[in-house]
Trainee: 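Below you will find the structure I want to go over with you.
Everything numeric here is computed off the predicted structure, so don't read it as measured data. Letters A, B, ... mirror the listed sequences (proteins, then strands); counts begin at 1. Note that these values count all heavy atoms, side chains included, but never hydrogens, waters or copies made by symmetry.
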Amino acid sequence: MSNEIKIQLPDGSVREVPAGTTALDVANSISPRLAAAVVVARVTPLRGVAATANEAALEASEEAMYSGHAGDAARVVDLRAPLTEDVALELLKESDPAALRVVRHSAAHVMATAILELFPETKLGHGPATDNGFFYDVYREVPFTEMDLAAIEARMAEVVARDEAFVRVEEPREKGLEEYKAQGEFMKVHFIERFTKPGEEISLYRNGGFTDFCRGPHVPSTARVKAFKVMSIAGAYWLGNENNQQLQRIYGTAFFSAKEMEAHFKHLEEIKARDHRVLGKQLELFSIQEVAGAGLIFWHPKGGLIRKTMEDWMRDECVRRGYQLVYTPHIMRRELWKISGHEGFYAENMYPPMELDDAEYRLKPMNCPGHILIYKNSPKSYRDLPQRYAELGNVYRYERSGTMHGLLRVRGFTQDDAHIFCTPEQVVSEIEACLDFAEAVLKTFGFKEYRVELSTRDPKKGTDFVGTEEDWANAEGALTGVLQGRGLSFQNFPGEAAFYGPKIDVKLVDVLGRLWQLSTVQFDFNLPKRFELEYIGEDGAAHQPVMVHRALFGSVERFFGVLIEHYAGSFPMWLAPVQVGLVPISNEKHLAYAESVKQRLEAAGLRVELDASNGKMQSKIRDFGLQKVPFILILGDKEAATDSVSVRVRAKGDEGSVTLEAFVERAKRLVAEHAMEL
RNA sequence: GCUGAUGUAGCUCAGUGGUAGAGCACUCCCUUGGUAAGGGAGAGGUCAUGGGUUCAAGCCCCAUCAUCAGCUCCA
């Protein structure tokens with residue numbers, strides 16, 4: 001290695017500096033102000049190889065947190081790390097997202113410092129940055145209380161005020177292991193053994209009296225952690241396994257400034273304001289009743305109306321696309337679930353059997369066996385295929401008590417479930433049609449972005465799957481082919497397939513950028529075999545049909561929950577339970593006109609509510625506003641005289657008067673077009 | 001299921017062992033108004049449920065149920 005190395009800056013200029021120069025040195029040589037503002041550096045080795053940034057992948061991998069092996073890829077390093085080879089150098093300031101992750105990771109160290117100072121008996125697990133902050137997993141017999149958390153936060157402020165430099169130390173692995181073993185730090189010992197190899201140097205980061213096994217990088221000193229908050233505490237299993245010991249996971253968040261942190265908290269409040277559980281109550285859409293049981297949804301009139309609209313659309317669309325609507329029972333005899341295999345592989349998610357006469361019955365957790373019985377009820381010719389049975393089927397699944405969440409995770413729900421029985425030749429076009437349908441659902445309900453995931457078999461786990469190698473290869477090939485044929489970009493998840501077949505999941509991205517699993521299209525090799533499904537082919541012989549499961553809303557409840565949050569309760573016209581609110585300026589003078597307007601709007605098929613209470617018009621406007629009613633019509637002398645209405649539009653305000661006729665036309669058009677805007 | 005927190009009027013929440021509270025909503029009365037809260041009065045609670053401690057429990061203890069934040073699992 002020569003003594004001089006080349007440093008390429010983002011503007012393309014190249015500097016020759018002695019090996020061992022640090023990013024901080026480079027920053028200082030440019031400007032001391034830059035040096036003060038910069039947090040960490042991103043370096044990409046210049047070896048004539050096209051280096052690609054794969055930080056995201058690195059950060060996702062726990063291994064990478066500790067190993068430090070990043071090959072030729074770009075990596076984020078400490079400002080004080082000596083540069084030893086030719087690199088492209090980027091000095092990252094506080095505004096860089098990568099810098100934010102670094103300061104949060106440093107904040108986790110600050111928190112660990114505070115915890116050990118206050119509660120020295122605590123053992124440390126790991127403390128990574130997350131999308132919204134950071135956490136540290138720790139073990140301590142006694143639970144931390146809220147007062148403890150406040151004390152930890154206060155002590156963190158002291159650690160920050162001490163302005164302790166984060167110093168990277170490398171030492172022999174065995175030395176580190178010995179020290180941690182002596183301290184009883186069983187989790188650190190595990191991480192070193194898991195993520196480093198014998199004979200290697202391990203890296204530690206030290207600030208003041210605190211040392212942590214850590215790959216880094218970190219901000220230069222604790223003083224750079226300018227804004228932070230200890231948020232909450234929760235349990236977390238050691239190594240994510242519920243059979244293991246439970247740790248205490250302390251969550252916090254950190255920013256480079258109090259202002260950014262305030263903005264973050266404000267954002268959290270906005271998310272809470274669109275929480276479907278909060279809006280469900282405020283807008284009287286649905287409830288969950290303790291006396292009835294957890295995870296069971298009561299659809300109130302307004303929620304019910306939205307549901308009806310969703311279901312009507314879905315049924316019509318199914319019929320239009322060649323599905324046949326079917327209905328199957330909610331309870332069926334246990335024998336059926338034995339044949340389908342649910343008794344075996346799904347029993348723990350099913351409600352227990354109930355005895356009726358001499359037989360045992362079970363509540364259905366899935367619709368497939370019912371649809372299969374319909375298929376099997378009469379012989380099928382290849383000319384009959386595909387058979388597409390669709391049902392909005394209510395299913396009940398036992399979910400563990402801590403897992404329920406509003407409409408998004410429940411014990412009783414309605415699947416817009418369909419099963420397609422077809423010949424192997426028809427599979428590709430059927431899958432195509434399913435994806436097409438899924439896209440139509442997303443588009444119609446106002447989602448612009450979505451992601452596609454292909455779950456395939458992990459060849460290493462051969463015995464955990466039903467079906468032959470050939471079946472799987474064909475099915476996976478078909479799914480991949482369809483996705484590629486449509487030009488859809490998708491992520492492949494080997495090993496994530498159901499045991500009975502591969503699947504395509506469509507996850508939608510809501511207005512806040514959150515991901516929701518809804519639509520799914522799955523192959524099934526299992527049930528056609530178990531039920532010995534057949535069709536008579538052109539050759540006159542019996543063949544086994546291919547079976548495809550498909551749900552597009554996924555669950556009507558969950559889809560509704562996502563819709564509520566997506567629209568923050570401000571539904572587009574066609575979905576809004578009350579589309580028009582009527583406000584007479586004076587009941588005495590204008591109620592009669594208001595009632596005639598109501599009648600005429602209802603005759604036009606609109607959903608209207610007239611507030612005939614004796615309050616002031618201002619408060620009536622406010623009430624409709626809080627209910628997020630799309631249009632409020634103000635009716636006074638002027639309107640009554642000209643057969644017109646004064647239109648107030650949700651989120652826009654007063655738009656002045658138009659004739660009733662013109663308003664009806666506008667409203668009907670918005671409904672018919674499923675328009676997102678008003 | 002696990003860890004921690006919470007459960008008081010329809011809703012949002014006060015109430016640290018001694019007679020159960022507020023605002024909004026509701027009912028009635030007054031007010032009849034021009035684009036997000038007019039005024040007054042009234043009614044409304046088995047303090048989640050079941051045990052226990054105490055002269056006395058919304059409050060302290062135990063159990064159960066539910067909710068919340070996570071973990072695990074999933075549409």
Side-chain angles (χ1 to χ4, degrees), chain A residues 130 135 137 143-146 148-149 231-251 272 275 277-278 281-282 284 287-296 346 348-349 365-366 395 397-417 498 505 507 516-520 522 549 551-559 561-562 581 583-591 613-627 632-639 646-657:
Chain A
T130 64
F135 64 78
D137 277 350
F144 288 102
T145 64
E146 251 161 66
D148 293 337
L149 297 190
M231 302 290 289
S232 62
I233 185 159
Y237 298 108
W238 168 231
L239 302 177
N241 184 332
E242 65 178 315
N243 298 317
N244 285 348
Q245 198 158 29
Q246 193 152 26
L247 309 174
Q248 302 191 63
R249 174 169 295 181
I250 306 178
Y251 283 89
K272 206 184 160 196
D275 187 315
R277 294 164 300 182
V278 174
K281 221 176 249 177
Q282 278 170 10
E284 300 174 80
S287 66
I288 296 165
Q289 309 274 342
E290 184 175 344
V291 68
L296 302 170
Y346 208 70
E348 66 197 31
N349 289 300
M366 294 187 191
V395 295
R397 299 182 184 174
Y398 172 73
E399 295 288 346
R400 294 158 104 192
S401 64
T403 57
M404 264 78 72
H405 184 92
L407 292 170
L408 304 180
R409 185 78 182 271
V410 295
R411 283 182 175 159
F413 59 102
T414 310
Q415 283 184 310
D416 66 315
D417 207 0
D505 288 329
K507 298 195 171 179
W516 301 97
Q517 153 82 60
L518 297 161
S519 307
T520 181
Q522 312 188 347
H549 303 250
L552 304 179
F553 287 148
S555 127
V556 175
E557 283 75 7
R558 176 178 287 185
F559 194 83
V562 174
V583 176
I585 288 178
S586 153
N587 279 356
E588 282 178 7
K589 286 190 262 175
H590 311 122
L591 202 51
S613 70
N614 68 356
K616 286 185 74 161
M617 64 168 285
Q618 281 84 347
S619 74
K620 295 181 185 183
I621 290 171
R622 179 168 190 269
D623 290 345
F624 281 129
L626 290 175
Q627 287 295 305
I632 300 171
L633 303 184
I634 317 296
L635 308 168
D637 285 337
K638 210 176 78 187
E639 289 72 24
S646 174
V647 182
R648 188 187 167 91
V649 185
R650 183 177 64 201
K652 290 181 185 163
D654 187 5
E655 284 193 355
S657 291

Trainee: Identify all stems in which RNA chain B takes part, counting only runs of at least 3 consecutive pairs (Watson-Crick or G-U wobble, each distance under 3.5 Å), and give each as one range with another, ordered by first number.
Mentor: B:1-7 with B:65-71, B:10-13 with B:21-24, B:26-30 with B:38-42, B:48-52 with B:60-64
Trainee: Can you identify which nucleotide, out of B:C73, B:A75, B:U32, has its nearest atom closest to the A:Phe413 side chain?
Mentor: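 When the side chain of A:Phe413 is considered, B:A75 is the closest of B:C73, B:A75, B:U32.
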Trainee: Please say whether more than 12 non-hydrogen atoms of neighbouring residues, nucleotides or ligands are located less than 6.0 Å from CD in A:Gln289.
Mentor: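 Result for CD/A:Gln289: enclosed.
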Trainee: Please determine, for the side chain of A:Tyr251, which listed nucleotide (B:C71, B:C29, B:U12) has the closest atom?
Mentor: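 Selected nucleotide: B:C71.
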Trainee: Quick check on RNA chain B: between A:Ile632 and A:Lys272, whose nearest nucleotide comes earlier from the 5' end?
Mentor: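 Mapping each residue to its closest nucleotide by heavy atoms, the 5'-most match is A:Lys272.
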Trainee: Determine the interatomic distance between C1' on B:G15 and the same-named atom on B:A57; round to the nearest Å.
Mentor: 14 Å
Trainee: Which pairs, with at least one residue in residues 398-408 of chain A and sequence neighbours excluded, count as a salt bridge (Lys or Arg N to Asp or Glu O under 4.0 Å)?
Mentor: A:Glu242-A:Arg400, A:Glu399-A:Arg409
Trainee: Among the candidates B:G38, B:G4, B:G7, find the nucleotide nearest to the side-chain atoms of A:Glu290.
Mentor: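 Nearest to the side-chain atoms of A:Glu290, counting from C-beta on, is B:G7.
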Trainee: Between the base of B:C73 and the side chain of A:Arg409, is there a donor and acceptor pair under 3.5 angstrom?
Mentor: yes
Trainee: Using heavy atoms to find the nearest nucleotide of RNA chain B for A:Arg558 and A:Ile288 separately, return the residue whose nucleotide is more 5′.
Mentor: A:Ile288
Trainee: Of the listed nucleotides (B:C68, B:C71, B:G38), which one gets closest to any side-chain atom of A:Tyr237?
Mentor: B:C71
Trainee: Which one, B:A69, B:A75, B:U32, comes nearest to the side chain of A:His405?
Mentor: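 Closest nucleotide to the A:His405 side chain: B:A69.
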Trainee: Using atom names, set out every protein N or O paired with an N or O of nucleotides 62-64 of chain B below 3.5 Å, distance rounded to 0.1 Å.
Mentor:
none

